[in-house]
Amino acid sequence: MIWGFRLEFKQNLRTKKFWVIIGLMGILYIPSFYLMKSFLLQSGEKITNEAAMNMLISSITGMTSFFVAILALLIGATAINSEIEKGTLRIAMSKPIKRLHYIAGKFLAHSLVLLIALLFSTVVSILGVLYIGGSLTGRLVGDVLLLNMLLLLAMIQLVALGYLISTFIKSATTALGFALAVMFIVFMIVPSMVGFLAIKDTINSQNTSMEELQQIQKYYTTKYLFYDPISQIKVITQDVSTNVQNPLKAGYRGIAYAIKHNMVNFAHILWLTVLYLAVGFYRFLRMDLR
Amino acid sequence: MVLKIEGLVKNYGDVKALDGLDLEVKQGQVYGFLGPNGAGKSTTILSTLGLIYPQHGRIELVGLEVFRDGKYSEDSLVEVKRKVGYMPEHATLWDFLTPMQTLDIIGEAFGIPGRERRKRAEELLKLLNLWEVRDKKVGKFSKGMRQRLLLAQSLVNDPELLILDEPMTGLDPSGIAEFKDIIKDLNREGKTVFFSSHILAHVEEICDTVGIIVKGRLIAEDRLETIKREFLRKAGYIIILETNKPISFEGTGWKATPLGEKKYRIAAPDDIREELHDFVASQGAKILTMQVKEPSLEEIFLKIVE
């Protein structure tokens, strides 16, 4: 085991931000599934397995893409600078450990923490789907795991972006504020503006069908939001369902199908993750730890 | 030679932190590395351990060259760190761990087997009077306890060379005395100790050699007594004299300033204590107390810089 992994893992599981995010996700899941069940009871419809899976995928994606993404960016943005401030990094690096091994241990620990947050969201989602009448099948479990891997990759991109912030901004508090501003502007406001432009263009071209709008939105997201892993994930998971507007009546295509049909979006997540990690690691290897 | 630094240069942007520093620490020495704040003490220590990247120079640590002209040899660095202990300045430890867990995780970094780690941790906690609080979280520790744990973590690997960066900062007088005793004991065990301070009193009694760094250059290196003597030779002596009755210094050529009715501050170019005995006696008076005023580190710095 790489030294520092255990320490970092323990440390991150003890942070307030981790438990606040987990708590918020838990709290928000309960009313959403309760409302869904009430709706189903009122309409007298029974949920099909395919619909259950569609709901599960959209629930996990929606919840994690917001909460776990914030956690990922915050963990990354304070990963190095806070340790320099506390002096613990100087202690660790005065021991016979290579810098690369140290940062690799940190990275693995962060990835595991995020995976735990994702699995929490997944388990709660599965319980929610069972609660509303869906059933647990082998395909569902397999697809959920695949989705978790995809989401983990996107979250790792945000951690890596956080590492970059952490190596450039010396003060952990400033880095935290900067990361939140990035999250808000780059990953929330800009995607909304791009979405708005897509709607505007659809109206202008008099293509009013939902399919056309979806296609234009997909095109805009791929082109203008390539740096936003959350938007890319949303594009990919849209293709999981045959009918995004009404998942209860839609067919289910599966995660593998969605990834295969959106390889450009998947590639965007992948190459940026590798790039951020490479630059973040390089910066750490070359930086003065003072 | 346990530590050898040649022509080390480190710039932080336009600021020259180290300006061709040369330094040598011999085996078994207690070397006091003195300098005012911002002189380059911590930069020197961090460079030695590969924690920052100097631009030029050469560093040899416990017999291995670890840095030459802008490049560290990472393998050598890892190798020498097995034989070096480091206590940083202004550091906290992992607040959520107990001292036992802290030392255990540090021992893990050295590849010490589990049972041996626990034994070593126990020894160190007992040595540094932390055994009673072994299960208390470090976050609840006082400053003195933290400093002692910081020292303990630097001793986990039983190092040949101990590098301490301002180890006594923030300690009360009894803490400082205790720390000095520990350093003396460690040196008696054969460890070489290199520690930095900006306070002269911290290095007195325990250092056999002192190096003074100002603006990134070593401007003096010798035994502390020799440095002080040299200072007094250049700056002149200040003697505080107390007699049993008032005396007159007229015609002596010494500059005497009364500090009270029978107390004087005498400035002289040389050590005139023997002459003073005769002079006071010639006036029919007796000396009650007489002492040479110790120069402060700041005074020594200023004089040497001049």
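Lettering follows sequence order; numbering is per chain, from 1.
The contact between B:Asp104 and chain A is made entirely by side chain atoms (from C-beta outward), counting heavy-atom distances below 4.5 Å. With a 4.5 angstrom heavy-atom cutoff, B:Leu77 does not touch chain A via any of its atoms. Interface residue A:Arg90: backbone and side-chain heavy atoms are both found under 4.5 Å from chain B. For A:Gln11, the parts sitting under 4.5 Å from any heavy atom of chain B are the backbone and the side chain alike. The contact between B:Ile105 and chain A is made by backbone and side chain atoms together, counting heavy-atom distances below 4.5 Å. Proximity to chain A is absent for every atom of B:Ile163, based on heavy atoms less than 4.5 angstrom apart. Only the backbone of A:Leu285 has a heavy atom closer than 4.5 Å to any heavy atom of chain B. Contact of B:Gln101 with chain A is made through the side chain alone, with heavy-atom distances under 4.5 Å.
When the candidates A:Ala92, A:Ser94, A:Gly87 are compared by the number of heavy-atom contacts under 4.5 Å with chain B, A:Ser94 comes out ahead. Comparing B:Val84, B:Val78, B:Leu93, B:Leu51 by how many heavy-atom pairs each has under 4.5 Å with chain A, the most go to B:Leu51. Between chain B and the options A:Ile97, A:Leu89, A:Leu7, heavy-atom pairs under 4.5 Å are most frequent for A:Leu7. Taking chain B as the reference chain and counting heavy-atom pairs below 4.5 Å, the highest number among A:Arg286, A:Lys10, A:Met93 is found for A:Arg286.
By the 4.0 Å N-to-carboxylate-O rule, B:Lys126 lies close enough to B:Glu122 to be salt-bridged with it. Taking the charged nitrogens against the carboxylate oxygens, B:Arg146 and B:Asp95 do have a contact shorter than 4.0 Å, which makes a salt bridge.
Side-chain atoms of A:Glu85 come within 3.5 Å of backbone N or O of A:Ala172 as a donor-acceptor pair. At distances below 3.5 Å, at least one donor-acceptor pair connects side-chain atoms of B:Lys41 with backbone N or O atoms of B:Gly35.
No hydrogens or angles considered: nothing links the side chains of B:Thr192 and B:Tyr31 as a donor-acceptor pair under 3.5 Å. Side chains of A:Glu8 and A:Asn12: a donor on one and an acceptor on the other come within 3.5 Å.
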**OP:** Go through the steps to decide whether B:Tyr72 and B:Tyr53 satisfy the test ring-ring contact (aromatic ring centres under 6.0 Å, His included), and finish with yes or no.
**Re:** CA-CA 8 Å; B:Tyr72 281 104; B:Tyr53 284 85; 5.5 Å; yes
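A ring-centre distance under 6.0 Å is found for B:Phe194 and B:Phe33.
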